[in-house]
Structure formats: C-alpha cells, structure tokens
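Submitted below is the structure of interest, expressed as structure tokens.
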Amino acid sequence: MSSPLLDSLNPEQLAAVTLPAASALILAGAGSGKTRVLTTRIAWLLATGQATPQSVLAVTFTNKAAREMLLRLSALTPLNTRGMWIGTFHGLCNRMLRAHHREAKLPALFQIIDTQDQLSLLKRLYKAHGIDDTRFPVRQLQWFIADAKEEGRRPNMVEASDDFTRQQVEHYALYEAMCQREGVVDFAELLLRSYELLTDHEALREHYRQRFSHILVDEFQDTNTLQYRWLRLLTGPETTVFAVGDDDQSIYAFRGAKVAHMQRFERDFATAARPVKLIRLERNYRSHGHILDAANALIRHNQARLGKELWTSEEKGEPIRAFVAASDVDEAAFAVDVVRALTADGLPLDEVALLYRSNAQSRVFEHALFGAGIPYRVHGGMRFFERAEVKHALAYLRLVAAADDDGAFLRVVNFPPRGIGARTQEQLQALAQRHGGSLAQATVSGAATGKAGAALTAFGRLLAKLRDEASVLPLPAAVEHVIHASGLVAHYAAEKDGQDRVDNLTELVTAATAFVREAGLDPDAPCVAPAVPTSEPSGEDASVAAIAPLPGFLAHAALEAGDTQAADGKAALQLMTVHAAKGLEFHTVFVTGLEEGLFPHENSLAAADGLEEERRLMYVAITRARRRLYLTLAQQRMLHGQLRYGIPSRFVSELPPGLVQWLPSAYGRMTAGETVERRARTTRAAPAASPWRIGQSVRHAKFGVGVIVDAEGGGNDARVQVNFRDAGVKWLALDYAKLEAA
DNA sequence: AAATGTGGAATTTTT
DNA sequence: TTCCACATTT
C-alpha cells in the first residue's frame, strides 16, 4: 500500500505505523521519530477505516506533548480531531470525571487543587485537628498521600505496621474527608477517582472499553502504578494498545514511574490470539555518529535494559570535548568563552543549551553570562498560573463558581487587605465548624459584631456582588471584571514594584480569551451557564461538553500551569536541568558539573536503581546534542556554602577514550583569549554585550550613586542588585530603572 | 500589616 | 551560601 502518509518512513517506522490490530510496544530511541510514528499511526488508522476519531484515545504526560500531537495530527488527517480523546492522563481523567461526577461521588463543579493548594489545605487540616507538624512534617504527609494514591491505595488499604504510619494513615483519611467536604480533588485523586469509577461501574467500563478500540500511550516508561492499571482497565478484549517508550530514558522513578511496566507490557497486554508486537526504532535522525557512539557506550553499563543501539547514516562528526575547570567559576568562564566563539561563527544562541544536574548550579552560570552580556533563559521556576497574583485572581473566580470553596475563601478573605486579621478568621472558622458549613456561609449567618464583623459582612457582600455580576458575563469579561472589582488590580497598581503583577492579571484575561477559543466554546455564553461547544459531537459526549466556561477554565488553570516565562522573541542561551531537557534538542550541548556526588548525585546512590537512573539521565543529556557536545567538570566548587573538591564523574570514564578530546585544563590560569577554543577561531562580532558589569559604578535618578553587586535573569528580565551609597542595597529591573554609568 | 530575625534544609518535577 | 517558612517585633 502506498500513500503519501507513509512516504519517507523507514522500514521500522513503517512497520510500527501499519501494525495489524494487536497491542504493540514500540521501543523508540532518542531522536528516532517517536512523535511522528505516534501521530502517523493514528492518521493511518483513520485513513484505513480501522478507527474513527471517537474510537481513539491518546495519552501523554505533559500538555506540551499533547498539543504537539494534536497539531501534527491535524496536518496528517482531514478528519476533525475534536472527537478524539487526546490529552494528559490527568486531563483525560478530569474529562471522564466531569462527565460522570455523580457516579464518581463528586460535586458537578469539583475544583482541582495543585500542590500549592494541597499544601495549604493540609496546613488547615493540621490546625483543625491539632496535628503536630514537627512530628509529622506537612511535606512528608503530602508525599505520603500522593505515594499511596499513586499506588492505588485508599487509607484503609495502606499497610501500617508501626505507629507512625498508622497515624499518617489517619491523617490521610482526615485529608480525604476534608477534600470531599470542600469538593476539591488533587492531581493523584483525579487518576484514582477515575480508576475507581471504572472499577465500580461495569456499564461505564464496558462503554469506554468498546468506545476506545485504539489506545496510544506516549512516554510509556514514565507510567506509574495507577496509570498502568488505569490503562489495563480501559483495555477490553478488542482494544489494541500502542505503547511508545524508551526504557533508557526513564528518569522519573523518584515520582513513581516504573520502567518495569515496559517488561510487563508484553505479558499483560497480550491476548491468546494476539501476542504483543515489539518494534525497535534505533535509527537516529538527530545526532552525529560520535555523539551516538558515546551514548551507546555509556548506557551499555546499565544492566536492566530491553536493549537498543542507536545508529545514524550521518557522518561521525566532531569529537566530544571535555574540559576540567579549576573551579565552578572557571567552568562558567569556559562556557562563556565557547559560547561567544560559537555565536561569532553564526550559531544562533538558542541552539546552545547548558545542562546541569541540579538547579543550584545555574547561579554561577547566570553570573558569568550576565557579566558577558550573553542573553540567556533559565527554564524552571515559577509558572504563570502559579504566580501569587494569578492564584489570587483564580481564587476569586473559584468563589464565583463555587461559593463554598474554603481554600479560595481563605486565600483572599484579607487580600487585598481589608482588616480581617488572623483572629477574625479563626473565629469564623470555628463558627463554620460548629455549623458544619463553609466559611462563606458562616460569613452570612454569623452574628458579626464590631469592626471586624463589619469588614466580614462587607466581604460577604463583595463576593455576592462578584458572583451576580460575573456569572452572567462571558468568561474573558468575567475575569476582567473580577480582577478589578476584587480590588486586586488597584492594590498591585499602588505597589511600587507591582506593574509586573498587574500585567500578569491582564494576561489572565488574555488566557481566558485563548481558552474559550481553543476549547471551541461560544464566546458570548455566560461563564457559569452550561455551554455546549459548537463543534463537539452531541450524543454520548453531551455531558462532557456541558461544562460551563468558568469551571472549564479553572480546571485548565490547575492542569496546565503554563510557561515559566513567555519567550521574549530574542534568541537566548538555554539553561536547564537535564530533566527539563528531555525531549528537546540543540546544536550544541554543555553537560556540566560532571563530578562524583553531583552527577551522579550522591543522594541517588542509596536508591535501589539509583545509579542506573543517573546513568540514564546522562544518556538523556548526551542525546540532546545534534552536532557538538561539551562535558565539563570543576575541581572545586562552592556547595552549601562549603568548598568541595570534586573528582571526575564515572560517567566520563565510561565513554570510549577515543571519542573524547580533552581540552587543556589550565583555563583558570590562562588569560582570556588563550584557550584552544578561542585560538581555533578568530572572534568576530561578539553578541551585543550588556553595558553593565558586576562591580561597575552606576547612577540612579532617585537612589544616587552605587555599585552593581549582583545580577540575575537574561534579556528583558535582567535585574541587577545595586549597593547605593545612600539608599542601601536594591534590586532593579534593567528594563525599567534608568541606570547610567557613573 | 510590614519589617526583621531565626532555623533548617539544600536532586530531579508534571499534573 | 542561599533560600524558604515561620515567628517575632515594630
């Protein structure tokens, strides 16, 4: 069969895409065209009539991957992709629970809480029940609960052989009761509820089993116990599961992922008539030969593998460069020098990535890059929907959607400040507890007295007013209304450094507009009325579609935290952890901090599969590079305020010596411009250097003269810390503060 | 309610 | 060292 769809697939890819109806495990190596195979498989199933959009369920781990899949799929098929269930595990479970909230014993407008919300809920739980947070650290309980849920265990199913565990189980049970009372659901709960829904309701289970004849799973090596069991539950006798993964890139064991699922898959998903097919995608389209040789050689040191060897028809390429720096500072200086030379040769900055094992390592690099005026972007950190001001706005919106949301209530009852202090809040909570109602109810019913009582009554009126006014507006207008009427915008506008926060609040309106558009909702529908998307097929999915814009948006905000920071368009050097780099690729990659104890990290050595997971992490790091790979380490570095002497990582010596070119190591003692890297190429135009340097004297219109003592953030976000002679030490955003050299 | 001080911890992270 | 949460002070 020939079809443009299948053109230019290699034989293994073609075999995977056109596999006959049977479950299959696709061992897809790094850079082997995994997403392409996944999307083409779906398109092929549709094109050959083996599947309809309604019968496809494709699940990923991240929203980004889901978006990517949807985007590429819509280019491959003329069919409408809207009927398909494509999304993250959590997104799909949410969808299912919304549709069957009664059977799942959830309120129609259940709210999803993120880890932050969960933590504050736990703290309230501790207060209400007088739990000692020194004996039971909140974080530990949070972990305990998530871990239990991810193993599919309710409190009565957790084995407790000691007192401590027994008490944690009690806390777990109290937490569950509290969530249920408040109508909130945490991330793990989405999966567990959905799993139990399918277990307890045979008719529903059968419905979905028959509906989804094709289940496709991305990043299969990352599935945790509950996700795996969820998939098995959805798999009926007629279902085929197409699982794509790479056991060598399994790097999330610490959050419950189990590579062993890949081995179990062949057993668990085979039927008598149809054994599981296994296909290896080993041809790599990303990297030059030496890079792949290094990756292959490294990963061969792992014992527990399904086995796979990457190859390419491309040339061997350059050798891998390795560099021993005298210190962490010199390591950064080396990177800066090389990056300068590379960009001078015309390599776009965003084609270069600096990878490290732990976030703390970024600091030294940021320092050096700032000093050199090289724009950079640090991945990780605060995401859009996690920002305090955005969460405040979302809390008001949550109260519009569901008045009895105590978590949201407490978040904003005194924000912006309105004279409702801790004591008043405690009284209110006690009152609510006596009446067995929510805080919002207590606000209305409580015989409020005095100044605090008046403030409370006023707040109650504000909430009622917001609800009346916002609920009839279309979503974006409702958001716009709430951020103003709540007083949030005015509050931040009055703050001296509040402009960013005001901008983020405005951005929330934009996000709401985008949400309405992307979800295919009626842009004029009132945000709280049940709305039917314009293009969703009716019938069995009607209940799914009947979610109003506002609750939909709130779920979206919880499930998709958004970007760390919007890319500002300028090319910037990419700084991130190795974990964050998974799935990405760059022309040039620096793998830094290759010292024993750091990479492999000392904390990982105690874990069962710890060292092998670290090695897989190194494998991921190496395979990010297309053309050029630098491995660097420092003989000494500052760690936790202490000078530490490092010895080279075993991972470096596990590479074939012939592949590695060691660069002269006396960098710290050489003057700038004398390294081999620099000598090899004549430096032409350096990147537009920032005029600011640490140690430089500056003048500020208001604060007078001072000296730059620190800096952070690249490009438009760059900030400097200035020690002013008279005004003291201040952080200033370069984009706003008009500094001049002094 | 903001400002200041103190103690403890410091892999990796998506949803 | 540096960041954070939390407590105390003003």
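Chain letters run A, B, ... following the sequence lines, proteins first, then strands; residues in each count from 1.
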From dT13(B), dT15(B), dT11(B), nucleotide with atom closest to E614(A) side chain: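 Shortest atom-to-atom distance from the side chain points to dT11(B).
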
Under a 3.5 Å cut-off for both contacts, is dT9(C) paired Watson-Crick or G-U wobble with anything, and if yes, with which nucleotide?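 Partner of dT9(C): dA2(B).
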
Greater than 12 external heavy atoms within 6.0 Å of R139(A)'s CZ: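 12 or below, so no.
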
Between dT15(B), dT13(B), dT11(B), which nucleotide has the shortest distance from any of its atoms to the side chain of R255(A)?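 My answer, after comparing the listed nucleotides, is dT13(B).
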
Between H491(A) and S604(A), just flag the one whose closest nucleotide in DNA chain B comes earlier from the 5' side.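 First, find each residue's nearest nucleotide; the 5'-ward one identifies H491(A).
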
Side-chain N or O of N359(A) closer than 4.0 Å to phosphate OP1/OP2 of dT11(B):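 Answer is no, no contact under 4.0 Å.
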
Does dT13(B) have its OP1 or OP2 closer than 4.0 Å to a side-chain nitrogen or oxygen of T577(A)?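 Answer yes for this pair, as a side-chain N or O of T577(A) is under 4.0 Å from OP1 or OP2.
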
Listed nucleotide nearest any side-chain atom of F254(A), set dT15(B), dA2(B), dT12(B):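 Looking only at heavy atoms from C-beta outward on F254(A), the closest nucleotide is dT12(B).
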
Hey, is E151(A) close enough to K258(A) for a salt bridge, meaning N to O under 4.0 Å?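 Salt bridge flag = yes for K258(A) with E151(A).
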
Measuring only the P atom in each nucleotide, how far is dT13(B) from dC4(C)? A whole number of Å is fine.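 The answer is 15 Å between these two P atoms.
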
Among dA10(B), dA2(B), dC3(C), which is the nearest nucleotide to the side chain of P417(A)?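 Within the option list, the nearest is dA2(B).
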
Please tell me which of the listed nucleotides, dT15(B), dC6(C), dT12(B), lies nearest to the side chain of R383(A)?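 My answer, after comparing the listed nucleotides, is dT15(B).
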
Pair R67(A) + E560(A): basic N to acidic O under 4.0 Å: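 Yes, this pair counts.
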
Let me know which of Y172(A), F164(A), Y175(A), Y126(A) forms a ring pair (Phe, Tyr, Trp, His ring centres under 6.0 Å) with F136(A).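 Option passing the ring pair (Phe, Tyr, Trp, His ring centres under 6.0 Å) with F136(A): F164(A).
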
Can a side chain N or O of K123(A) be found less than 4.0 Å away from OP1 or OP2 on dC6(C)?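 Affirmative; the distance criterion is met.
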
Is the base of dT15(B) stacked against the aromatic ring of H90(A), taking ring centres under 5.5 Å apart and planes under 30° as the test?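 Given the distance and angle limits, no, they do not stack.
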
So what's dT12(B) paired with, Watson-Crick or G-U wobble, going by both distances under 3.5 Å?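 Its partner: none found.
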
Considering only side-chain heavy atoms of H579(A), which listed nucleotide, dT12(B), dT2(C), dA1(B), is closest?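 Output: dT12(B).
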
Would you say N63(A) reaches dT15(B)'s phosphate, i.e. side-chain N/O to OP1/OP2 under 4.0 Å?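 For N63(A), the contact criterion (side-chain N or O under 4.0 Å from OP1 or OP2 of dT15(B)) is met.
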
Side chain of N603(A), heavy atoms from C-beta onward: which of dT12(B), dT11(B), dC3(C) has the nearest atom to it?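 Closest of the options to the side chain of N603(A): dT11(B).
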
